[in-house]
Chemist: 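Shown below is the structure under consideration.
Protein chains get the first letters and strands the later ones, always in sequence-line order, with residue 1 at the start of each. If you're wondering where the values come from, they're calculated on a predicted model, not measured in any experiment.
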Amino acid sequence: MSAETVRLLTPEIVLIAVAVAIFVAGAFADAPKWFRWIAGAGVALSAVALWMQHGAAVCSGPLTIDSLAYYGRWLALVLGALFVLLTARPLAGGGTPEYVGSLLLAIAGLMLVSGAGELVLMFVGLELISIPTYVLLYLGRRDAASQESAVKYFLLSILASAILLYGLGFLYGTTGSTELGEIHAALAGSRPALPDAGAVPVGFDMFARLALVLIFAGLGFKIAAAPFHFYAPDVYQGTTQANAALLSVVPKAAGMVALVRILVLAMPGLEAFAWKLALVMAVLTMTLGNFMALWQNNLRRLLAYSSIAHAGYMLIGLTVGLAPAIVRGSQDGVGALLFYLCVYALATVGAFAVLEYLGREDAPIDAVDELAGLGRARPLVAAAMSVFLFSLAGIPLLAGFWGKFALFLSALGVDPGGVSVRPWFVGLAIVGALNAAVAAAYYLRIVGVMFFRTPLAVPKAEGGMGPWLTFTVCAVLTLAIGAFPRPLLQAANDASRQSSVQRAAPDLPPVELAGRTGP
Amino acid sequence: MDPEIALLHNYLIVGAVLFGIGMIGFFSRRNMIVMFLCAEMMLQGVSLSLVAFGRFHNDFGGQMLVIFIIAVAACEAAIALAVVLMLYRRAGKLDVIVWQALREDNQPAFEEEALPEEPPAEPWPSLSRAGLSPEILPEETDFRSRL
């Protein structure tokens, strides 16, 4: 812990300090509106602090502030700003300061995970996302369904944490260090993993593999990948639109970044096993998510299955990142994953913001049919919703299309030099494309209901300014990325490439980042 | 065998057993507090393995992680008790089976089946005590002349 560490952590420290100040002030002051402004100011201040240090690439100690970290932290701050806007309406039952403070803590947790170069910091970051989320789920609404969703998420999240920790424990046991750089060196064979060369415990060679499976299972819960997805539909259905948006984006981003940091960047020598595991999970997750979504009538439940399916698409990128490729394609797997994460987050948050805007406090929009005739009653809102749904479906010239395109391209580009694994990756891309076609069915069903059905009752649209601004910003960004995908895709690819270069040769001077790139 | 390695093995085995018991308990129990305690037991198993690995490698990283695990578990326990208390106030039960309103549309609710009632036990056959002359019932003397 040095002054340099504190300087690098300034954005997170600012966020946490503001959150604590809000918690304390909430006990004395009763001014729900002001806490939103303070939270917004905190996010802005944190963004300024991050902007000031942008360009410094430091890979030492518990922190790995490389371009992947910057990508994740900028994404976290953009999401934080969107969520502060989205939850602008004071809570009916009180508890606004606690809600806002927990929101900021979860965002700080996502930023910590992005920059974590050590198992302890990564674990603390993940828990800093989970623990405030329990509070958010409880505070969102106070009916039985909401409380049921809180307890379901809570119990399963603890179970997942325990499994993840057991995996981290075995990773530590194999390598004798909690730092990811040291772990990489030990697994690559450049540093002795055992204290003395003579004695090897029984089963020692299996520990790394066991660690990989357990870590995948524990983080699979965070990203809602099958077979660890069970909680998602129930929890999303029971909670508020804003909470569902948060759950579908923040833990998923953290889980993906942690998977990349641990599996791709820190565990060499296990690829032959890891990519098969990731491939099976990818196929299972996207197929199950898409087919289950076809039958849903509840919008939040439908979007929950859609978020499961999108976790499957992102796992394609992870599979390619883990592939033992001698010749890699032009598109990097992890880069495509990071790009898709951003695109998916914008569209999902936007879709939930539309629902939040249309619903009333006591009667949120639940069923697909409640959107009937929206195209005639509120054409602009319906157009924004269609943009998000088309983007999620991957219709060309929207952001989601470029995301899927990059992922499938990366899978097709894997060429491990004559070894017979190429058909697997081609098959993965084909399964992904088929899934995208299936997914279009349920996204287009919603669009059809909005534009071609006579309205039953025009939604009141009492969401207010905050959600309106949120979905407008999301729609503009989705259209902009659709029109000009190159800058963001470039940033994602840089994030992937530079962090892996730095990991492979930590003694080299840190790569000077080219320009200030951020989502 | 090297005593260090034997020691590591013993601790790892106990840690794995704790983790396994916790997981089985989590999946099979229905009381919310007991489920939470089972998850805590899994964490204790992890902690034990981490400390053993730390000693084996002569490194403090594992113990450091354990201290963080304990702190985080304390935070989670605080929230867990608050959530469980609130659910108990609403339903009056700690049983998780009460909370199943959120599920797929066509999926039937899990209903607790009452155990089938056991038929009343038949009395065991009994023998007359040994060493005594059996009691002679009056109706038996009618058709058994030798008595």
Chemist: Who wins among B/Ala101, B/Cys38, B/Ala39, B/Ser47 for the most heavy-atom pairs under 4.5 Å with chain A?
Modeler: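 Most heavy-atom pairs within the cutoff with chain A belong to B/Ala101.
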
Chemist: Do A/Phe123 and B/Ile69 come close enough that some side-chain heavy atom pair is under 4.5 Å?
Modeler: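 Yes. Closest side-chain heavy atoms under 4.5 Å.
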
Chemist: Flag the pair A/Tyr134 / A/Tyr138 as yes when their ring centroid distance falls below 6.0 Å, and as no otherwise.
Modeler: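 Judged by ring-centre distance (under 6.0 Å), A/Tyr134 and A/Tyr138 do not meet the cut-off.
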
Chemist: Is A/Tyr166 in contact with chain B via its backbone, its side chain, both, or neither, using a 4.5 Å heavy-atom distance?
Modeler: both

Chemist: Below 4.5 Å, heavy-atom pairs only: which of A/Val120, A/Thr174, A/Leu119, A/Asn298 has the largest tally toward chain B?
Modeler: A/Val120

Chemist: Look only at the side chain of A/Ser149 and the backbone of A/Ser146, and say whether a donor-acceptor pair between them is shorter than 3.5 Å.
Modeler: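 A pair under 3.5 Å: yes.
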
Chemist: Name the region of B/Leu65, side chain, backbone, both or neither, that has any atom closer than 4.5 Å to a heavy atom of chain A.
Modeler: both

Chemist: What part of A/Phe230 is in contact with chain B, defined as an atom under 4.5 angstrom from a non-hydrogen atom: side chain, backbone, both or neither?
Modeler: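 Neither; nothing under 4.5 Å.
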
Chemist: Quick one: are the ring centres of B/Phe56 and B/Phe53 less than 6.0 Å apart?
Modeler: no

Chemist: Taking the side chain from A/Ser102 and the backbone from A/Glu98, do they hold a donor-acceptor pair closer than 3.5 Å?
Modeler: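 Such a contact is found between A/Ser102 side chain and A/Glu98 backbone.
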
Chemist: For a side-chain contact (heavy atoms from CB on, under 4.5 Å) check, start with the C-alpha distance between B/Ile24 and B/Ile21, then their side-chain angles and the critical distance, and finish with the verdict.
Modeler: CA-CA 5 Å; B/Ile24 292 170; B/Ile21 292 176; 5.9 Å; no

Chemist: Drop me the distance from A/Leu159's CG to B/Leu43's CG, to the nearest 0.5 angstrom.
Modeler: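 Going from CG on A/Leu159 over to CG on B/Leu43, the span is 9.5 Å.
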
Chemist: Is chain B contacted by the side chain of A/Ile163, its backbone, both, or neither, given a heavy-atom distance below 4.5 Å?
Modeler: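 For A/Ile163, the contact with chain B is made by backbone and side chain together.
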
Chemist: Search all heavy atoms of A/Arg300 against all heavy atoms of A/Pro364 and return the closest pair with its distance.
Modeler: NH1-CB, 4.4 Å

Chemist: Out of A/Leu155, A/Thr178, A/Leu168, which one racks up the most heavy-atom pairs below 4.5 Å with chain B?
Modeler: A/Leu155

Chemist: Quick one: what part of B/Ala80 sits under 4.5 Å from any heavy atom of chain A, side chain, backbone, both or neither?
Modeler: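 Both parts, heavy atoms under 4.5 Å.
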
Chemist: For chain A, which candidate among B/Met64, B/Met42, B/Met32 shows the most heavy-atom pairs at distances under 4.5 Å?
Modeler: B/Met42

Chemist: Side chain from CB out, backbone as N, CA, C, O: work out which of these in B/Val83 comes under 4.5 Å of a heavy atom of chain A, or both, or neither.
Modeler: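 Just its side chain gets close to chain A.
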
Chemist: Checking B/Gln63 side chain against B/Phe60 main chain: does a donor-acceptor pair fall under 3.5 Å?
Modeler: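 Flag not set: sc B/Gln63 to bb B/Phe60 has no pair under 3.5 Å.
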
Chemist: Of the listed residues (A/Ser177, A/Gly169, A/Ala144, A/Ala150), which shares the most heavy-atom pairs with chain B below a 4.5 Å separation?
Modeler: A/Ala144

Chemist: Does any heavy atom of chain A fall under 4.5 Å from the side chain of B/Phe68, the backbone, both, or neither of them?
Modeler: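 Looking at B/Phe68, backbone and side chain both touch chain A.
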
Chemist: May I ask you to name which of B/Met35, B/Glu40, B/Gln100 has the most heavy-atom pairs under 4.5 Å with chain A?
Modeler: B/Gln100

Chemist: Of the backbone (N, CA, C, O) and the side chain (C-beta and beyond), which part of A/Thr175 lies under 4.5 Å from a heavy atom of chain B, both, or neither?
Modeler: backbone

Chemist: Please classify the contact of B/Ala16 with chain A as side chain, backbone, both or neither, using a heavy-atom distance under 4.5 Å.
Modeler: both

Chemist: For B/Leu102, is there any backbone N or O sitting under 3.5 Å from a side-chain donor or acceptor partner on A/Glu148?
Modeler: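 Answer holds: yes.
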
Chemist: Is A/Phe23 atom CZ crowded by more than 12 heavy atoms from other residues, nucleotides or ligands, each under 6.0 Å away?
Modeler: yes

Chemist: For A/Glu127, does its backbone N or O pair with a side-chain atom of A/Ser130 as donor and acceptor, under 3.5 Å?
Modeler: no

Chemist: Using non-hydrogen atoms and a 4.5 Å limit, figure out which bit of B/Asp59 sits close to chain A: side chain, backbone, both or neither.
Modeler: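 Both backbone and side chain of B/Asp59 come within 4.5 Å of chain A.
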
Chemist: Return the minimal non-hydrogen interatomic distance between A/Ile131 and B/Ile79, and the atom names on each side.
Modeler: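 Answer, listing the atom of A/Ile131 first, then B/Ile79: CG2-CD1, 3.3 Å.
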
Chemist: Write out, in numerical order, the residues from residues 232-240 of chain A with a heavy atom short of 4.5 Å from a heavy atom in chain B.
Modeler: A/Asp234, A/Gln237, A/Gly238

Chemist: Under the side-chain contact (heavy atoms from CB on, under 4.5 Å) rule, what do A/Met267 and A/Leu171 come out as? Steps first, then yes or no, please.
Modeler: CA-CA 9 Å; A/Met267 293 183 77; A/Leu171 190 57; 3.7 Å; yes

